[in-house]
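Please read the structure below before turning to the comments.
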Number of protein chains: 2
Amino acid sequence: MNDLKLEDIAKLAGVSRSTVSRVVNASPNVGAATRKRVEKIIQTTGYHPNAAARSLASQRTNMIGLVIPRTTSAFFTDPYFPHLTQGVAFACNNHHMTLSLFLVGNQEDENEITPRLLRRGMLDGILLQSGNSDDMLFRRLISSHVPLLVLGRPFEEKSVNYIDVDNISAAKNATSHLIRLGYQRIGMITGAIRSTTSIDRQAGFKRAMAEAGKTIDPSLIVEGDFSENSGYVAMKKLLPLRPDAIFAQSDVMAIGAMRAVQEVGLDIPKDIAFVGFDDLPIASTLPIKLTTVHQPITHFGIKAVDLLIDMIEKGTKPAKRMILDAELIIRDSCGGNANNRPIVQGVEFEGSALKAPA
Amino acid sequence: MNDLKLEDIAKLAGVSRSTVSRVVNASPNVGAATRKRVEKIIQTTGYHPNAAARSLASQRTNMIGLVIPRTTSAFFTDPYFPHLTQGVAFACNNHHMTLSLFLVGNQEDENEITPRLLRRGMLDGILLQSGNSDDMLFRRLISSHVPLLVLGRPFEEKSVNYIDVDNISAAKNATSHLIRLGYQRIGMITGAIRSTTSIDRQAGFKRAMAEAGKTIDPSLIVEGDFSENSGYVAMKKLLPLRPDAIFAQSDVMAIGAMRAVQEVGLDIPKDIAFVGFDDLPIASTLPIKLTTVHQPITHFGIKAVDLLIDMIEKGTKPAKRMILDAELIIRDSCGGNANNRPIVQGVEFEGSALKAPA
DNA sequence: ATGGGTTATGAGAGCGCTCCCAAAGAAAAT
DNA sequence: ATTTTCTTTGGGAGCGCTCTCATAACCCAT
């Protein structure tokens with residue numbers, strides 16, 4: 001039906017191709033009358049410019065890719081990722097950009113996806129979720145021509161653009177809070193041990209302990225992988241060691257761990273206190289509301305897109321770096337006094353804000 | 001660095017542009033020696049064809065769009081959606097297709113996104129999550145030239161291609177199971193009342209009741225919107241009416257409702273039995289394991305992509321229709337006998353399969 | 001009037017690929 | 001040896017846009 005091209009509109013309006021192009025692209029140098037006339041024709045014919053042709057001629061596709069590498073793709077079982085995607089998607093809309101999603105499931109996927117990522121005339125820029133250090137995809141992308149912004153601190157920071165949350169400070173604050181409340185045997189459930197996220201949160205934990213002059217019992221640090229089940233399993237190991245407080249590196253793991261605690265009939269926070277990380281919506285609707293570090297996930301996605309677009313338009317050098325703060329939200333799971341409870345703000349709570357039961 | 005084009009490779013290999021194109025596109029009519037030579041050059045130079053140019057010339061972009069309309073975008077707080085996206089993304093990889101994600105947040109988003117969707121040379125086909133009947137986006141997309149497959153039954157089925165789960169039968173089975181177990185006052189918490197999903201599940205519920213010769217108490221049917229909180233709120237309304245079993249139209253709502261039940265100290269399933277819908281991974285890790293209808297979400301996404309690609313390649317007429325079955329998984333929340341528990345299979349359980357605690 | 005400066009419009013040359021068609025060469029059939 | 005057929009290769013015309021540059025039209029100050 002609608003096989004019109006620029007040329008046809010031009011003919012119908014009695015002007016040249018160039019003029020129609022100017023109207024379509026909102027160029028200022030068009031006479032008011034001409035513009036009106038052309039716009040009317042476009043309106044009535046329902047003309048839409050051809051994206052491929054435009055991309056070819058302008059060397060801009062107005063598309064960005066969001067890549068979740070294989071080593072991180074378990075993230076999809078974690079609510080973290082949908083929230084991030086949402087932020088990225090909304091920001092793309094605001095910038096009139098189209099978002100392409102690349103979920104790398106396995107090695108074949110990676111081989112299949114990589115050339116598509118590297119192809120010219122496909123993506124104006126790439127957002128890459130930080131994964132493991134031995135990520136082949138990561139290295140190939142880094143050395144490509146496409147502007148690349150890494151989400152989360154990469155292993156090799158040198159001259160790579162990235163955006164991250166201040167995991168060290170946040171974890172330190174969370175741990176310090178536990179220390180301040182007087183807990184003596186504070187354990188930690190880590191995330192996937194090879195991720196920088198987990199490494200940094202661990203560093204924050206250790207720093208807090210060191211500053212408080214407390215020695216760390218290594219057996220109280222148990223490895224998880226950010227999943228609910230891994231939290232449960234880790235807590236099973238921790239239970240015999242009688243910790244009185246746990247810093248879980250993700251809310252989901254905290255939930256798994258709390259499940260393990262409740263199964264043996266212990267009380268939270270009286271017997272064991274908990275602090276999580278993420279502040280997912282569910283954290284505030286749990287039977288025992290979770291004290292946790294609020295990550296501005298959606299906001300993080302938005303900032304990432306803003307930064308990437310800036311890189312696309314103004315070049316990638318010098319390397320860009322952006323670190324966002326994360327704030328401790330004190331609720332019930334950590335025990336102690338919950339008076340100075342900060343207000344939780346932000347879009348990621350829509351649809352799950354819970355009216356207090358009567 | 002890598003500003004090579006087909007022409008350059010041709011020159012380096014001492015052949016014509018056409019021949020290189022044939023090699024790149026795996027056309028059979030190339031001499032073995034020539035192919036080797038060209039492939040070698042491509043290998044060493046790291047040449048990648050320009051996607052925009054290829055799209056323009058071939059009229060194929062190898063991209064499909066996944067569109068979540070405004071009226072359904074709350075879905076993103078529901079784990080249903082990530083799972084679907086994952087299925088779609090994986091299927092895209094298998095077909096060497098790129099997935100573009102369009103999350104419509106609000107009216108402006110819709111206005112912004114629509115032209116991008118309609119643009120030629122952008123998408124080979126569109127997957128549209130079914131939303132409300134008054135969805136403007138839906139109508140514009142239906143009447144466009146792009147092959148369109150609707151996910152979930154649309155309001156106006158006539159000549160639209162769609163794929164759905166057999167919600168009516170599934171809801172009927174779930175309800176019948178409750179009836180069979182002898183429950184007398186069976187309530188239902190619906191999803192968003194204007195969605196076909198919810199309408200169909202409601203129809204299944206009613207059909208089961210009718211076939212069992214039971215009258216329906218309309219006050220035992222309470223409206224939710226698929227969210228956890230709406231389940232909680234709905235249950236608060238239901239509690240004074242003393243139902244002995246609840247069919248919740250989504251797992252997440254069932255979880256919210258169960259929370260309300262536990263808050264007043266009632267026992268599940270002894271005082272109130274539950275059946276959910278979706279069979280999210282969490283359903284089997286809940287303290288009281290949830291009896292629910294297993295939706296093959298990831299598989300659904302895969303099938304959808306397969307069907308859409310078939311439409312792209314072979315035309316959209318006659319209208320395609322595909323209905324997948326959903327099976328009742330009996331666990332603990334419905335009480336009664338849980339012996340004939342089916343095996344739960346499938347990819348969506350990865351990473352959350354739970355070892356039984358010792 | 002006359003020139004300099006601005007603004008509006010058109011023409012044309014690509015952007016980097018695909019794909020049809022023609023040509024050349026090799027193989028098979030006569 | 002000659003014709004026919006098939007395979008392999010090259011040439012050229014687009015695909016539908018953008019963008020630079022030239023031209024035409026118009027403005028105001030002198």
Side-chain angles (χ1 to χ4, degrees), chain A residues 2-39 41-42 45-63 96 115-116 118-124 145, chain B residues 1-39 41-42 45-63 115-116 118-124 145:
Chain A
N2 236 340
D3 293 36
L4 294 161
K5 36 178 154 178
L6 212 52
E7 191 88 46
D8 301 320
I9 304 298
K11 216 159 283 171
L12 286 170
V15 294
S16 75
R17 222 174 344 115
S18 308
T19 302
V20 180
S21 173
R22 287 190 191 97
V23 171
V24 169
N25 295 295
S27 155
N29 295 332
V30 183
T34 315
R35 160 165 287 133
K36 269 264 150 352
R37 189 152 36 94
V38 173
E39 274 170 350
I41 306 260
I42 291 177
T45 55
Y47 166 78
H48 288 284
N50 181 299
R54 181 187 284 218
S55 298
L56 179 57
S58 67
Q59 307 288 38
R60 264 283 228 138
T61 60
N62 291 309
M63 301 210 314
H96 302 276
R116 292 211 318 259
L118 262 24
R119 196 157 285 172
R120 313 183 143 260
M122 179 82 180
L123 263 17
D124 284 344
H145 55 96
Chain B
M1 43 199 116
N2 235 339
D3 294 36
L4 295 161
K5 34 178 155 178
L6 213 51
E7 192 89 45
D8 301 320
I9 304 298
K11 215 160 284 170
L12 286 170
V15 295
S16 75
R17 219 174 347 116
S18 307
T19 301
V20 180
S21 173
R22 287 187 193 100
V23 171
V24 169
N25 295 294
S27 154
N29 296 330
V30 182
T34 316
R35 158 163 292 132
K36 268 266 154 346
R37 188 152 35 97
V38 173
E39 273 170 352
I41 306 263
I42 291 176
T45 55
Y47 165 77
H48 288 284
N50 181 298
R54 181 187 284 218
S55 298
L56 180 57
S58 67
Q59 307 287 38
R60 265 279 229 142
T61 59
N62 292 310
M63 300 210 316
R116 291 210 320 257
L118 264 23
R119 195 158 287 171
R120 312 182 144 263
M122 179 81 180
L123 263 17
D124 284 343
H145 60 276

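Chain letters run A, B, ... following the sequence lines, proteins first, then strands; residues in each count from 1. Since the model is a prediction, treat every value here as computed from it, not as a measurement. What you see below is based on every heavy atom in this structure, not just the backbone, and it leaves out hydrogens, waters and symmetry mates.
Atom CZ in Arg37(A) sits roughly 11 Å away from atom C1' in dT9(C) (whole-Å rounding).
Note on Asn29(B): every side-chain N or O is 4.0 Å or more away from OP1 and OP2 of dT7(D).
Looking at heavy-atom distances under 4.0 Å, Ser55(B) makes no contact with the nucleic acid at all.
Minimum heavy-atom separation, Asn62(B) to Arg60(B): OD1-NH1, 3.2 Å. Between Arg35(A) and Pro28(A), the shortest heavy-atom distance links the atoms NH1-O, 4.3 Å. Shown here for Ser55(B) and Thr61(B), the closest heavy-atom pair between the two residues is OG-CA, 3.6 Å. Across every non-hydrogen atom of Arg116(A) and Met122(A), the tightest pair is O-CG, 3.5 Å.
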Practice item. Treat primed atoms plus P, OP1 and OP2 as sugar-phosphate and everything else as base, then score nucleotides 15-23 of chain D 5' to 3': B for base contact with protein heavy atoms under 4.0 Å, S for sugar-phosphate contact only, - for none. Key: BBBBB----
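Under the 3.5 Å distance criterion, the side-chain polar atoms of Thr45(A) are matched with a main-chain donor or acceptor of Ile41(A).
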